[in-house]
Amino acid sequence: MKVWKIRVIHGPNLNLLGVREPGVYGSTTLDGINQQLQCLADDEKVEIDFFQSNSEGALIDYIHQAYREEVDGLLINPGGYTHTSIALRDAISGVSIPAIEVHLSNVHARESFRHMSYIAPVCVGQICGFGAVGYQMALQGLLNCLRG
Ligand code: DQA
């Protein structure tokens, strides 16, 4: 049976989860989110790895590396780059790996500059507003797509 290879990509400032605006982003740390995903990945018998960077270029390099490593699917919270980065969008569309965009907060209920995502149009879908649980929903959704 095929073991799906999933990569989880956390963008800028998400390393601050737990201390960063807990009223908006919740109190779960990034390690906590990754541990929850690791448990779900173990249950689902899929391989999962995690990456966080505050640098746009490092995020793009990681996506290219995922292509070389024949990764099957991506979960990505691009943080503030969601609303600014054509280069990150081009990296995702360039590798043609199915991706799901995740946000802890409901970006559509916040400032208007957060309503637009450069990333969402090149993703399978977007999950936002469910806090840390949204990542688990995204992993379930991604596996559902991959398994067909
Ligand atoms: C975020 C939403 C973005 O607008 C913001 O810049 C973030 C976090 C979220 O998870 O809700 O850094 O991606």
Side-chain angles (χ1 to χ4, degrees), residues 4-44 46-67 69 71-146:
W4 300 101
K5 289 170 79 167
I6 309 297
R7 297 291 180 266
V8 183
I9 303 174
H10 304 286
N13 299 307
L14 295 167
N15 53 311
L16 292 180
L17 288 179
V19 294
R20 178 190 183 198
E21 299 178 80
V24 177
Y25 298 116
S27 54
T28 310
T29 62
L30 195 61
D31 277 351
I33 288 172
N34 290 345
Q35 278 165 24
Q36 289 167 358
L37 281 172
Q38 184 68 64
C39 285
L40 181 55
D42 291 346
D43 287 349
E44 295 285 348
V46 299
E47 183 201 304
I48 196 162
D49 264 305
F50 307 95
F51 180 72
Q52 190 276 329
S53 179
N54 296 316
S55 148
E56 191 176 13
L59 295 166
I60 291 167
D61 286 343
Y62 187 78
I63 291 166
H64 295 177
Q65 185 186 322
Y67 172 74
E69 291 174 1
V71 163
D72 299 295
L74 302 172
L75 301 187
I76 181 163
N77 182 344
Y81 290 138
T82 306
H83 322 293
T84 64
S85 183
I86 296 169
L88 196 52
R89 172 199 175 116
D90 287 348
I92 294 169
S93 60
V95 298
S96 298
I97 302 174
I100 299 194
E101 180 181 319
V102 188
H103 299 284
L104 294 145
S105 64
N106 179 357
V107 285
H108 303 290
R110 299 181 63 196
E111 302 96 324
S112 57
F113 63 82
R114 294 185 205 276
H115 298 177
M116 200 283 291
S117 169
Y118 280 109
I119 312 301
V122 296
C123 288
V124 178
Q126 182 196 58
I127 291 178
C128 69
F130 295 96
V133 170
Y135 286 88
Q136 294 171 63
M137 297 164 72
L139 179 55
Q140 296 280 18
L142 182 61
L143 291 177
N144 211 48
C145 288
L146 292 173

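As the structure lists them, so they are numbered: ligands from 1, and atoms in each ligand from 1.
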Pairs under 3.5 angstrom, nitrogen or oxygen on both sides, ligand 1 versus protein: list them out, please.
residue, atom, partner, partner atom, Å
ligand 1, 4 (O), H83, NE2, 2.7
ligand 1, 4 (O), R114, NH1, 2.9
ligand 1, 6 (O), G80, N, 3.2
ligand 1, 6 (O), R114, NH1, 3.1
ligand 1, 10 (O), N77, ND2, 2.8
ligand 1, 10 (O), L104, N, 2.8
ligand 1, 11 (O), L104, N, 3.3
ligand 1, 11 (O), S105, N, 2.9
ligand 1, 11 (O), S105, OG, 2.6
ligand 1, 12 (O), R20, NH1, 3.1
ligand 1, 12 (O), R20, NH2, 3.0
ligand 1, 13 (O), N77, OD1, 2.8
ligand 1, 13 (O), H103, ND1, 2.8

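With respect to the salt-bridge test (charged N to carboxylate O, under 4.0 angstrom), the residues K5 and D72 do not qualify.
The aromatic rings of H83 and F113 lie perpendicular to each other, with more than 60° between the two planes, well past the 30° mark.
Annotation: the span from H10 atom NE2 to I33 atom CD1 amounts to 6.5 Å, rounded to 0.5 Å.
Side-chain atoms of T82 and E101 include no donor-acceptor pair closer than 3.5 Å.
Considering only heavy atoms from C-beta on, L37 comes within 4.5 Å of F50 through its side chain.
For F51, the CZ atom counts as densely surrounded, since its 6.0 Å shell holds more than 12 non-hydrogen atoms of other residues, nucleotides or ligands.
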